[in-house]
Amino acid sequence: MFEEITKQIKEIKEIVVVTGAGVSQESGIPTFRGKDGFWKNYNPMKLATIEAFYENPKLVWEWYNERRENIFSAKPNQGHKAIVELEKYATVTILTQNIDGLHQKAGSSNVFELHGSIMKIKCTVCNFKSSQIEKFSQIPPLCKCGNMLRPDVVWFGESLPQDVWKNAIAKASQCDLMIIIGTSLVVSPANTLPIYAKQNSAKLIEINPEKTEMSSKMDLVLRKTGAEILPKLISIFKEN
Ligand code: APR
């Protein structure tokens, strides 16, 4: 299988890499729905919705603070690093659902954060945004305008930043190859990206130890972890 697609990959110039929590699992960041995933132990409706935030902003802030600490100390793994190397052989765009910044930390140059960033904050009311996360003297911290600040992430029920999503669709619609890594593909609209790629007759490769909703639509499914298989996949480009 691996060899079969090699010949087709040779021609490929525009690659879109769609990532989810699984790509960072080997950096010590839990996934959401997998084994030991966050949503196995916590209710997302109590932590990742605007309603939950208004009901208990302290709880939501504390949960994000805890996650930020874990993410801050996490290092990119071999999977993230292999994706950086891919840039030597093709134009690579990463469309990530992750808020951990590990693709950028690894050195990837073209990353679109579909679900925002845990390293950024914004005001719940005015247009204030910042990437300066300090030790706030009160939780929840307040904006200069007097309203609550919140993590600049996309919660359930919220729209993706329009410019980011527009670019994501454009990139997905133009690519020759889409590599989908570590996402269960159950969350919309990110899970529609493979459909845009398919409409452009792009090849789809899924890297995931588990079956997903869209596995049957893939041209190649690699049931391995990102850190295991991505360096091998990239070596195909090296050889050609
Ligand atoms: N390598 C590759 N894939 C892995 C690995 C690994 N080491 N470990 C786990 N996986 C796979 C799991 O099998 C699973 O299919 O990663 C996937 C993770 O799926 P989810 O936990 O659902 O994460 P994701 O798809 O990114 O979630 C989407 O849901 O809660 C929201 O906003 C949150 O961005 C998140 C969105």
Side-chain angles (χ1 to χ4, degrees), residues 16-53 60 63-64 66-68 70-71 74-83 94-103 106 111-120 150-161 164-165 168 178-195 204-218 220-234:
V16 165
V17 181
V18 174
T19 62
V23 79
S24 296
Q25 185 266 337
E26 285 153 297
S27 293
I29 302 172
T31 63
F32 295 95
R33 296 169 187 82
K35 183 163 75 69
D36 302 327
F38 283 124
W39 303 151
K40 298 266 177 209
N41 302 310
Y42 300 98
N43 179 355
M45 296 305 131
K46 298 264 180 229
L47 291 168
T49 65
I50 192 69
E51 293 80 11
F53 182 71
V60 174
W63 190 65
Y64 277 90
E66 216 175 281
R67 285 183 65 199
R68 193 179 305 104
N70 169 232
I71 286 171
K75 293 192 177 65
N77 63 54
Q78 293 308 316
H80 296 106
K81 289 179 190 166
I83 299 168
I94 301 173
L95 307 178
T96 188
Q97 296 166 86
N98 298 345
I99 58 172
D100 59 29
L102 284 184
H103 289 298
V111 184
F112 290 86
E113 294 177 311
L114 304 178
H115 293 172
S117 167
I118 199 164
M119 300 301 169
K120 294 181 184 159
R150 56 166 279 183
D152 191 0
V153 297
V154 176
W155 283 326
F156 288 103
E158 294 184 321
S159 303
L160 271 53
V164 175
W165 182 240
M178 180 173 275
I179 309 176
I180 302 147
I181 313 158
T183 171
S184 55
L185 291 171
V186 296
V187 172
S188 176
N191 65 352
T192 61
L193 290 167
I195 298 164
L204 303 184
I205 300 182
E206 178 174 76
I207 297 178
N208 196 317
E210 310 281 334
K211 192 169 180 277
T212 70
E213 298 287 314
M214 294 189 68
S215 292
S216 62
K217 310 267 183 307
M218 303 291 155
L220 178 64
V221 174
L222 300 166
R223 292 265 169 261
K224 302 273 182 198
T225 73
E228 260 172 350
I229 201 72
L230 277 162
K232 289 189 188 131
L233 189 65
I234 278 34

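One is the number of the first residue; the rest follow in order along the sequence. Just so you know, ligand 1 is whichever comes first in the structure, and atom 1 is the first atom listed for that ligand.
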Answer with side chain, backbone, both or neither: which part of [X] has a heavy atom less than 4.0 angstrom from an atom of ligand 1?
| X | result |
| --- | --- |
| Thr183 | both |
| Gln97 | both |
| Arg33 | both |

*Is a salt bridge present between Glu158 and Arg150, judged by a nitrogen-to-oxygen distance below 4.0 Å?*
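Answer for the salt bridge query: yes.
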
_Lys/Arg N to Asp/Glu carboxylate O, Glu206 vs Arg223, below 4.0 Å_ =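 The answer is yes: the pair qualifies as a salt bridge.
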
Quick one: look up the protein heavy atom nearest [atom] and list residue, atom name and how far away it is.
| atom | answer |
| --- | --- |
| atom 36 (C) of ligand 1 | Val187 CG2, 3.8 Å |
| atom 13 (O) of ligand 1 | Asn208 OD1, 2.7 Å |
| atom 35 (C) of ligand 1 | Phe32 CE1, 3.6 Å |
| atom 32 (O) of ligand 1 | His115 ND1, 3.4 Å |
| atom 10 (N) of ligand 1 | Gly22 CA, 3.6 Å |

*asked:* I'd like the name of whichever of Ser184, Ser215, Ser188 reaches closest to atom 20 (P) of ligand 1 through any heavy atom.
replied: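 Selected option, by shortest heavy-atom distance: Ser184.
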
*Examine ligand 1 and decide if any of its atoms is less than 4.0 Å from a heavy atom belonging to Pro209.*
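The answer is yes: ligand 1 sits under 4.0 Å from a heavy atom of Pro209.
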
*Tell me, please: is Phe156 in heavy-atom contact with ligand 1, that is, under 4.0 Å?*
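In this structure, Phe156 qualifies as a contact of ligand 1 - some heavy atom is under 4.0 Å.
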
[X] versus [Y]: any side-chain heavy-atom pair under 4.5 Å?
| X | Y | answer |
| --- | --- | --- |
| Phe156 | Ile50 | no |
| Pro30 | Asp36 | no |
| Ile180 | Met214 | no |
| Lys217 | Leu185 | no |
| Asn208 | Thr212 | yes |
| Ile118 | Arg67 | yes |

Which ligand 1 atoms, with their elements, are less than 4.0 angstrom from a heavy-atom of [X]?
| X | answer |
| --- | --- |
| Glu26 | 1 (N), 6 (C), 7 (N) |
| Thr31 | 9 (C), 21 (O) |
| Glu210 | 13 (O) |

Indicate yes or no: does an N/O atom of [X] lie under 3.5 Å from an N/O atom of ligand 1?
| X | answer |
| --- | --- |
| Ala21 | yes |
| Gly182 | yes |
| Asn98 | no |
| Trp39 | yes |
| Gly226 | yes |
| Gly20 | no |

*Criterion side chain to side chain donor-acceptor pair (under 3.5 Å) on Thr225 and Glu26, from CA distance to verdict*: CA-CA 8 Å; Thr225 73; Glu26 285 153 297; 2.6 Å; yes

_Centroid separation under 6.0 Å, is that true for the rings of Trp63 and Phe38?_
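They qualify: ring centres under 6.0 Å apart.
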
_Does the plane of the ring in Phe53 sit parallel, tilted or perpendicular to the ring in Trp155? Use 30° and 60° as the thresholds._
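Correct class here is tilted.
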
*Indicate the atoms forming the closest heavy-atom contact of Pro194 with Ala190, along with that distance.*
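Taking every non-hydrogen atom into account, CD-O, 4.0 Å.
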
